[in-house]
Participant: 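Below is a structure I'd like to ask you about.
Counting starts at 1 for both ligands and their atoms, following the listed order. By convention here, the first residue in the shown sequence is residue 1.
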Amino acid sequence: MQRVRDDVKSKITGDGSVTFFNSDFKEHYHSLEGAREEALAKYIVPSELERRLANAAVSVLDVCFGLGYNTLLAAEEAAKWRGSISVTALEIDKAVVGDASQSIDSKWQVILSELYKRSLYSSDYLNIEMIWGDARLSCSELIADHRQYDLIYHDPFSTQRNAQLWTVDFFKKLYLLLKTDGVLLTYSTALPVLVGFLEAGFFIGKSEQVGEQRIGTVAAKSENMIKYPYSDDEMLAITESAKSVPYRDLSQCGENNEILRERNEKVVIGRQNDYVTK
Ligand SMILES: C[S@@+](CC[C@H](N)C(=O)[O-])C[C@H]1O[C@@H](n2cnc3c(N)ncnc32)[C@H](O)[C@@H]1O
């Protein structure tokens, strides 16, 4: 039997669900207020699965599968509404899925251990295929394969630790992978992220307020998929701020520090130019 690694620090969050601490990224995988509640508010509620499942099977691209909350809660919704979902899940760290299969909700253990061992899970209402490796590369392969999804769950670590997946250049890939009536959901509402989505061609809006949770971001190819848009004044504040310079990674193999440094240099130059013209 597989054993949970000794260096995996698991933590019970505010709603009783488990998360881990990642010692490389130096971050928890979820908000300590509640892993499950966070996944429900930022990803599942704005997915509108009841409406989507009434028409057809729903396809999901889960960028950063981690412990699998986003996919597994979406699967529970699919079962509830008697629909089916098909998930392509991207993850760079296979071990986290193995560890999760030993640690989180026992009803999910079979699915997680199948994904860890065989990279596939299939039942009458749920299909999951895992693609291991850097999501930047995996997305290029999916684009070459002409794949498109109804929903994209974008859930990397924070912009300061995992900038590789918050760049305009990566968002352009996600744009190609989204269906015209699909939505991309993410937890961040940081200015460089919002401007990054705009530059990649998306319309952006807010996710609806769920309980005490902070709102997240909904990005879409069609304006009518945005239920809670920013007002004109808010859009101006988003695009005109000195902090709005997005992250870039043209080579699609940049390191975190390199991406952060290049952006910071542009922010400083922008501030100097502002100062000169005032
Ligand atoms: C915040 S956690 C995701 C939490 C997850 N969605 C869940 O519900 O448990 C971020 C995940 O992104 C993965 N990751 C970080 N960089 C990546 C990359 N370049 N490509 C693919 N996965 C990456 C990490 O290994 C980690 O599992």
Side-chain angles (χ1 to χ4, degrees), residues 5 7-13 15 17-44 47 60-77 87-105 108-109 111-112 115-116 119 128-142 151-167 169-171 173-174 177 184-188 193 213 216 247 249 251-260:
R5 288 172 296 163
D7 61 340
V8 173
K9 295 194 188 96
S10 66
K11 172 113 186 149
I12 308 287
T13 65
D15 64 7
S17 59
V18 174
T19 192
F20 295 157
F21 181 77
N22 185 303
S23 45
D24 293 328
F25 286 91
K26 300 195 174 32
E27 262 178 30
H28 284 97
Y29 285 71
H30 300 91
S31 148
L32 294 183
E33 285 159 26
R36 186 186 164 90
E37 290 303 317
E38 183 185 31
L40 286 171
K42 306 283 170 51
Y43 297 94
I44 306 307
S47 295
V60 180
L61 177 64
D62 186 349
V63 182
C64 296
F65 182 83
L67 288 74
Y69 277 91
N70 301 337
T71 284
L72 296 167
L73 287 168
E76 286 189 356
E77 280 289 298
V87 182
T88 303
L90 313 184
E91 177 53 59
I92 202 164
D93 178 17
K94 190 171 181 187
V96 72
V97 178
D99 293 332
S101 74
Q102 308 282 301
S103 313
I104 64 170
D105 206 322
W108 290 344
Q109 284 179 355
I111 302 177
L112 288 165
L115 292 175
Y116 177 68
S119 309
I128 310 175
E129 60 162 336
M130 290 296 313
I131 304 181
W132 307 110
D134 191 324
R136 292 174 291 185
L137 192 62
S138 308
C139 283
S140 296
E141 287 163 7
L142 293 170
L151 298 167
I152 297 182
Y153 295 161
H154 179 260
D155 195 7
F157 289 114
S158 70
T159 54
Q160 293 306 295
R161 311 252 187 219
N162 207 179
Q164 299 93 321
L165 301 187
W166 294 103
T167 67
D169 309 279
F170 184 61
F171 293 165
K173 290 184 173 171
L174 299 181
L177 289 166
L184 177 153
L185 308 168
T186 194
Y187 65 87
S188 177
V193 170
Q213 293 280 331
Y247 302 96
D249 174 24
S251 69
Q252 283 293 277
C253 57
E255 299 284 340
N256 187 54
N257 286 345
E258 204 182 329
I259 296 167
L260 294 180

Participant: Just by distance, do the side chain of His154 and the backbone of Ser188 share a donor-acceptor pair under 3.5 Å?
Facilitator: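 Side chain of His154 to backbone of Ser188: no pair is present.
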Participant: Quick one: nearest non-hydrogen protein atom to atom 3 (C) of ligand 1, plus distance?
Facilitator: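 Looking at atom 3 (C) of ligand 1, the protein heavy atom closest to it is Asp155 O, 3.2 Å.
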Participant: So which heavy atom on Thr13 is nearest to which on Gly34, and how close?
Facilitator: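 Heavy atoms only, the tightest pair is OG1-CA, 3.3 Å.
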Participant: Under 3.5 Å, side chain of Asp155 to main-chain N/O of Cys64, donor-acceptor pair present?
Facilitator: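 No, the answer is negative, given that no donor and acceptor are paired below the 3.5 Å cut-off.
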Participant: Does only the side chain of Leu165 get under 4.0 Å from ligand 1, or the backbone, or both, or neither? Count heavy atoms.
Facilitator: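 Contact part for Leu165 vs ligand 1: side chain (C-beta onward).
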Participant: Report the nearest protein non-hydrogen atom to atom 5 (C) of ligand 1: residue, atom name, distance rounded to 0.1 Å.
Facilitator: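 Closest protein heavy atom to atom 5 (C) of ligand 1: Phe65 O, 3.2 Å.
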Participant: Using modelled atom types only, decide if a donor and an acceptor are shared between the side chain of Glu129 and the backbone of Thr88 within a distance under 3.5 Å.
Facilitator: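 Between the backbone of Thr88 and the side chain of Glu129 there is no qualifying donor-acceptor contact (under 3.5 Å).
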Participant: Return the residue, atom name and 0.1 Å-rounded distance of the protein heavy atom closest to atom 20 (N) of ligand 1.
Facilitator: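 Result: Ala135 N, 2.8 Å.
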Participant: Touching ligand 1 at all, His30? Heavy atoms, strictly under 4.0 Å?
Facilitator: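 Within the 4.0 Å threshold, so yes.
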Participant: Specify the protein heavy atom at minimum distance from atom 19 (N) of ligand 1: its residue, its atom name, and the distance to 0.1 Å.
Facilitator: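 Ranked first by proximity to atom 19 (N) of ligand 1 is Asp134 OD1, 3.2 Å.
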Participant: Going by distance only, is there an N or O of Cys64 that falls short of 3.5 Å from an N or O of ligand 1?
Facilitator: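 Yes; at least one N/O pair falls below 3.5 Å.
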Participant: Note the single closest protein heavy atom to atom 23 (C) of ligand 1, along with its residue, its atom name and the distance in Å.
Facilitator: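 Nearest neighbour among protein heavy atoms for atom 23 (C) of ligand 1, to 0.1 Å: Ile92 CG2, 3.5 Å.
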Participant: Decide whether an N or O pair under 3.5 Å exists between Pro156 and ligand 1.
Facilitator: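 It does not: no N or O of Pro156 is found under 3.5 Å from an N or O of ligand 1.
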Participant: Closer than 3.5 angstrom, by distance alone: can the side chain of Arg136 be matched with the main-chain N or O of Gly254 as a donor-acceptor pair?
Facilitator: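 Side chain of Arg136 to backbone of Gly254, a donor-acceptor pair under 3.5 Å: yes, one is there.
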Participant: By number and element, which atoms of ligand 1 are closer than 4.0 Å to a non-hydrogen atom of Leu67?
Facilitator: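 Heavy-atom distances to Leu67 below 4.0 Å select 7 (C), 9 (O).
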Participant: Would Glu91 count as a polar contact of ligand 1, with the cut-off being nitrogen or oxygen pairs under 3.5 Å?
Facilitator: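 N/O-N/O distance below 3.5 Å exists for this pair.
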Participant: For Asp93, counting its heavy atoms only, list the atoms of ligand 1 lying under 4.0 Å from any of them.
Facilitator: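 This gives 25 (O) as the contact atoms.
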Participant: Is the distance between the ring centroids of Trp166 and Tyr187 less than 6.0 Å?
Facilitator: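 Yes - the distance between ring centres of Trp166 and Tyr187 falls below the 6.0 Å cut-off.
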Participant: Could you check whether any heavy atom of Phe25 sits closer than 4.0 Å to an atom of ligand 1, since that is the contact criterion I want to use?
Facilitator: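 True for this residue.
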Participant: For Gln164, does its backbone N or O pair with a side-chain atom of Asn256 as donor and acceptor, under 3.5 Å?
Facilitator: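 Side chain of Asn256 to backbone of Gln164: no pair is present.
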Participant: Out of curiosity, Phe20 CZ to His30 NE2, how far, rounded to the nearest 0.5 Å?
Facilitator: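 Reported value, rounded in 0.5 Å steps: 9.5 Å.
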Participant: So, Ser138 side chain and Ile131 main chain: donor-acceptor pair closer than 3.5 Å or not?
Facilitator: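 Checking the backbone N and O of Ile131 against the side chain of Ser138, no donor-acceptor pair under 3.5 Å is found.
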Participant: Are Tyr69 and Thr19 close enough that a side-chain donor and a side-chain acceptor fall under 3.5 Å?
Facilitator: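 The criterion, which ignores hydrogens and geometry beyond distance, is not satisfied for Thr19 and Tyr69.
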Participant: Does Glu27 reach the main-chain N or O of Phe157 with its side chain, forming a donor-acceptor pair under 3.5 Å?
Facilitator: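 It does not hold such a pair.
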Participant: Using a 4.0 Å cut-off to any heavy atom of Tyr29, which atoms of ligand 1 qualify?
Facilitator: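 Every atom of ligand 1 under 4.0 Å from some heavy atom of Tyr29: 1 (C), 2 (S), 4 (C), 26 (C), 27 (O).
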Participant: Can you tell me if Gln164 has a non-hydrogen atom under 4.0 Å from ligand 1?
Facilitator: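 Contact absent.
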Participant: Could you check whether any heavy atom of Ala35 sits closer than 4.0 Å to an atom of ligand 1, since that is the contact criterion I want to use?
Facilitator: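 False for this residue.
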Participant: Has the side chain of Asp15 got a donor or acceptor atom that lies under 3.5 Å from a matching backbone atom of Glu37?
Facilitator: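 Yes: the side chain of Asp15 pairs with the backbone of Glu37.
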Participant: Under 3.5 Å, N or O to N or O, is Tyr69 touching ligand 1 that way?
Facilitator: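 For ligand 1, there is an N or O atom that lies under 3.5 Å from one belonging to Tyr69.
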Participant: Under 4.0 Å from a heavy atom of Asn162: give me the atoms of ligand 1 that qualify, with their elements.
Facilitator: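 It comes down to these atoms of ligand 1: 15 (C), 16 (N).
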Participant: Within the 4.0 Å heavy-atom shell around Gly133, which atoms of ligand 1 are there?
Facilitator: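 Near Gly133, meaning under 4.0 Å from one of its heavy atoms, ligand 1 has 20 (N), 21 (C).
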